[in-house]
2 protein chains.
Amino acid sequence: MTDLKTGINPLFLRDEELRQAIELLFFAYRDFTAEPDAILAAYGFGRAHHRVIYFVGRHPGMTVSDLLAILKITKQSLSRVLGQLVEEGFVTQRTGARDRRQRLLELTEKGLELERQLTERQRARFARAYREAGAEAVEGFRQVMLGLIDDADRPRFPTKNPGRR
Amino acid sequence: MTDLKTGINPLFLRDEELRQAIELLFFAYRDFTAEPDAILAAYGFGRAHHRVIYFVGRHPGMTVSDLLAILKITKQSLSRVLGQLVEEGFVTQRTGARDRRQRLLELTEKGLELERQLTERQRARFARAYREAGAEAVEGFRQVMLGLIDDADRPRFPTKNPGRR
DNA sequence: GCCAATATGTCAACATGACTGACTTAAAAA
DNA sequence: TTTTTAAGTCAGTCATGTTGACATATTGGC
């Protein structure tokens, strides 16, 4: 049970390591979202609006279904924030060409501006963390994070080195 | 601006890389919290209760102030969930010995049991991700995550290799 | 062309978890 | 003795999620 040489229980080490992992995720997420939250508050928006703005900015012309699949919330929940964003001129909806039932989402110029403002802070935070950690650490980070994500959404992240190792 | 050999704009690559980082964090957090949420619902609890149970389990005898500093919520917000947890016998409060104004928090046997049940799922998720990614990737993950966290809370994570490099 | 399935939207009621602001109590520290 | 600190409380509000029921327009299968 206990390593005779070091006097340290390897099972305890594993538990400590995994708890630290859990906490790293908690603290990182907490601090990562705090900055945008402050900006959003000035617009009378919240984190939910940020997510919509981010993903619509990332995938212009995406459908409501696409967005729901990413956010994993009900359409009633999405409806409120999306409605506000359309109402206030940050997002536009246009009818799909192939499938006229679909509403294709896009950011307006105003929406793009807010998206840039919000994402810029988060990009800067990652840029700093990446730079300080180095390229090798970044690759490790990506692998571990990908391992945390449910299989269904992993294909969203193309492998960097297809023929790695 | 554009690399003549590859025809790829390095600024675009950087933007793409940083956006993927943002999304890795979003999807990982989303999926990481989904499992415990389902368990908590059976107890009539939510994510807020989980956080309290987790950190009290992690730091038995911690004060209310300590907990507030970690969660970064108001004491009124904490009050409700903590009150419920005490009421229903998952957490106990005892008066501090040195400072009798403090309420030292601890999990009851019942609380410990729930904590184990919740944390077990999250530990398993990280254990799998860590195992699949390998030791080197884990160290990279730790470095990047630490870089995302505000300076104030980094000392919570002791350096693994004090004399690294 | 009819009909079922799909994409989207809407109304209503409710739960959770956060907030601000004002105030109280008990104990420690100055 | 007075001030500060740790904790708690009451009241009201807001943001964001839920379920359930239903409506509309359009597509796709037979």
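First the proteins, then the strands, lettered A, B, ... as listed; each starts at 1.
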Taking any heavy-atom pair under 4.0 Å as a contact, classify [X]: base, sugar-phosphate, or nothing.
X: Q93(B); value: sugar-phosphate
X: S77(A); value: base
X: R47(A); value: sugar-phosphate

[X] [atom1] - [N] [atom2] separation (whole Å):
X: L67(B); N: dA6(D); atom1: CG; atom2: C1'; answer: 14 Å
X: L82(B); N: dG8(D); atom1: CG; atom2: C1'; answer: 11 Å
X: I73(B); N: dC19(C); atom1: CD1; atom2: C1'; answer: 11 Å
X: L68(A); N: dT18(D); atom1: CG; atom2: C1'; answer: 14 Å
X: L104(B); N: dA6(D); atom1: CG; atom2: C1'; answer: 11 Å
X: D66(B); N: dT5(D); atom1: CG; atom2: P; answer: 16 Å
X: F45(B); N: dG17(C); atom1: CZ; atom2: C1'; answer: 14 Å
X: L40(B); N: dA15(C); atom1: CG; atom2: C1'; answer: 15 Å

Notebook entry, point to check: Going by an N to O cut-off under 4.0 Å, is there a salt bridge joining E23(A) and R19(A)?
Noted result: no
Next item on the list: Classify the side chain of Q76(B) and the base of dG21(C) as holding, or not holding, a donor-acceptor pair under 3.5 Å.
Entry: yes
Notebook entry, point to check: Is there a donor and acceptor pair, one atom on the side chain of R80(B) and one on the base of dA18(C), closer than 3.5 Å?
Noted result: yes
Check: Just wondering, do T95(B) and R103(B) contact through their side chains at under 4.5 Å, heavy atoms?
Finding: yes
Margin query: Taking the nucleotide of DNA chain D with the nearest heavy atom to each, does L78(A) or R101(A) sit closer to the 5' end?
Written below: L78(A)
Note to self: Let me spell it out: for each of G96(A) and R51(A), pick the nucleotide of DNA chain D with the closest heavy atom. Which residue's pick is nearer the 5' end?
What the structure shows: R51(A)
Checklist line | Q122(A) CD to L148(B) CG distance, which is reported to the nearest 0.5 Å | finding: 10.0 Å
Note to self: Measuring to OP1 and OP2 of dT16(C), would you say a side-chain N or O of H49(B) lies under 4.0 angstrom away?
What the structure shows: no
Margin query: Is there a side-chain contact between T74(A) and the phosphate of dT18(D), meaning an N or O under 4.0 Å from OP1 or OP2?
Written below: yes
Next item on the list: Answer yes if the side chains of Q20(B) and R142(A) hold a donor-acceptor pair under 3.5 Å, and no otherwise.
Entry: yes
Check: Quick one: which of dT26(D), dT8(C), dA7(D) gets closest to the side chain of V64(B)?
Finding: dA7(D)
Note to self: Among F26(A), F27(A), Y29(A), which residue satisfies the ring-ring contact (aromatic ring centres under 6.0 Å, His included) criterion with Y29(B)?
What the structure shows: Y29(A)
